[in-house]
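Worksheet: one structure, shown below.
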Number of protein chains: 2
Amino acid sequence: MGSLEEAIKQKEFKDPYNKLVVNLLYTHSYLVSAQNGILKPFDLSPEQYNVLRILRGQNGVPTTVSSIQDRMLNKMSNASRLVDKLKAKLLIERRECPSDRRQVDIVITDKGLQVLNELQAYMEGFNNEVIKLNEEEVVMMNTLLDKLRG
Amino acid sequence: MGSLEEAIKQKEFKDPYNKLVVNLLYTHSYLVSAQNGILKPFDLSPEQYNVLRILRGQNGVPTTVSSIQDRMLNKMSNASRLVDKLKAKLLIERRECPSDRRQVDIVITDKGLQVLNELQAYMEGFNNEVIKLNEEEVVMMNTLLDKLRG
DNA sequence: CACTAATACGTGTCTATACATTTAATATCA
DNA sequence: TGATATTAAATGTATAGACACGTATTAGTG
């Protein structure tokens, strides 16, 4: 696949900033495609997987829908409907919150935890196969990404 | 916004690779949201904007739908339907290809070029406001992204 | 207390992504 | 030539993203 220019058949970019925008969009698509390949046999979308990980990180403490929304990678996404889908697959449970009846407490089920466990081995391999950088470069890139957003 | 950990309220990551995946997904969302802010008054989606730029880069030479698909940032997207939308806005034209009647030649219209021109000023400001890196860091990041995909 | 604002969640709608399938035209080759 | 394969584009369907709006509940204020 090599360079971005080759991958999208564009000869050159106006400046490095312009190339960076395109490069990030393209690399995102590259990553998500690879992630989809792993998740599809488990009937999960990348964001559904992310929500499950958020809930596992709670260690059994119930979480509200809006708290999930805050932690989601895509802030414009719709936690309410994602939660619906996960509930239909019996990977999470919804409980009416007694202290505030507007809220809904969400917890991951045993089945949800089991799916995450099965996925773990695949996801570790994913990093090594898909991200062709050494650890030093990965750390550098994390630093740059954090700085990019200011 | 600062660090990723703060932005998505996650205390720590298992390893830098794991953080990098999340960081790229999150930064993508950050970028696309900002892009949307610019494009929305022009009634364009990011990928529609990208297709227009691809066509402008052809300098008047007609391009087939599948050639557009190859150059798109998201290879899994659907050039056929995007082209439909752009045609409805009179930003492109479709012409039956005489040498191969399966193909459809696509060209950008004057109106399409005009929209891109109007957008140009906004997009240049976009880079400086949204990407909070100096040029050296941008070049470094482009190198790392190209290497990441191998 | 009544009125208003804010919050939590759900819904509606349009567009885009992901992927399978279909249809038409062209290429290949026995 | 005729059967088959390949290619170009369109279409179908499910999920997700973007964003406006609706509804119920709680908070805040005069």
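First the proteins, then the strands, lettered A, B, ... as listed; each starts at 1. Keep in mind the model is a prediction, meaning the values are calculated, not measured.
Taking all atoms of both residues into account, the shortest heavy-atom contact from B:L20 to A:M141 is CD1-CG, 3.6 Å. The shortest heavy-atom contact between B:M76 and B:Q69 is C-NE2, 4.5 Å. Closest non-hydrogen pair, A:S77 versus A:L82, comes out as OG-CD1, 4.1 Å. When all heavy atoms of B:A7 and A:K75 are compared, the closest pair comes out as O-NZ, 3.3 Å.
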Requested in this report: Determine, for nucleotides 12-19 of chain C in 5'-to-3' order, which nucleotides have protein heavy atoms under 4.0 Å from the base (write B), from only the sugar-phosphate (write S), or from neither (write -).
Outcome: BB--SSBB
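Per the geometry, CD belonging to A:Q69 stands 10 Å off P belonging to D:dG17, to the nearest Å. Between the CG atom of B:L31 and the P atom of D:dA18 there is a distance of 12 Å, rounded to whole Å. One can place CD1 of A:I68 at 9 Å from P of C:dC9, the figure rounded to the nearest angstrom. One atom, CG of B:D84, and another, C1' of D:dT11, lie 11 Å apart when rounded to the nearest Å. In this structure, B:D70 atom CG and D:dA8 atom C1' are separated by 12 Å, rounded to whole Å. Atom-to-atom, CD1 of B:I38 to C1' of D:dA18 comes out at 16 Å; the value is rounded to the nearest Å.
Side chain to side chain, B:N18 and A:N127 fail the donor-acceptor criterion of an N or O pair below 3.5 Å. Side-chain atoms of B:N117 and B:R56 form no donor-acceptor pair, as typed in the model, at a separation below 3.5 Å.
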Query raised in the report: So B:K14 and A:E124, salt bridge (Lys or Arg N to Asp or Glu O under 4.0 Å) or not? Walk me through it.
Result: CA-CA 10 Å; B:K14 215 180 54 195; A:E124 277 162 14; 3.5 Å; yes
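Looking at A:N36, its side chain never comes within 3.5 Å of a backbone N or O of A:P46 through a donor-acceptor pair.
Direction change of the helix axis from one end of the helix from C:dC1-D:dG30 to C:dA30-D:dT1 to the other is 10°, with five pairs defining each end axis (rounded to 10°).
For D:dA9, neither phosphate oxygen OP1 nor OP2 lies less than 4.0 angstrom from any side-chain nitrogen or oxygen of B:S80.
Classified by interplanar angle (parallel below 30°, tilted 30° to 60°, perpendicular above 60°), the ring pair A:H28/B:H28 is parallel.
Taking a 6.0 Å sphere around CG of A:D110, one finds it holds 12 or fewer heavy atoms contributed by other residues, nucleotides or ligands.
Within residues 95-108 of chain A, the residues that have a heavy atom under 4.0 Å from DNA chain D are, in order of number, A:D100, A:R101, A:R102.
Counting heavy atoms from C-beta on, the side chains of A:M140 and B:M140 come closer than 4.5 Å.
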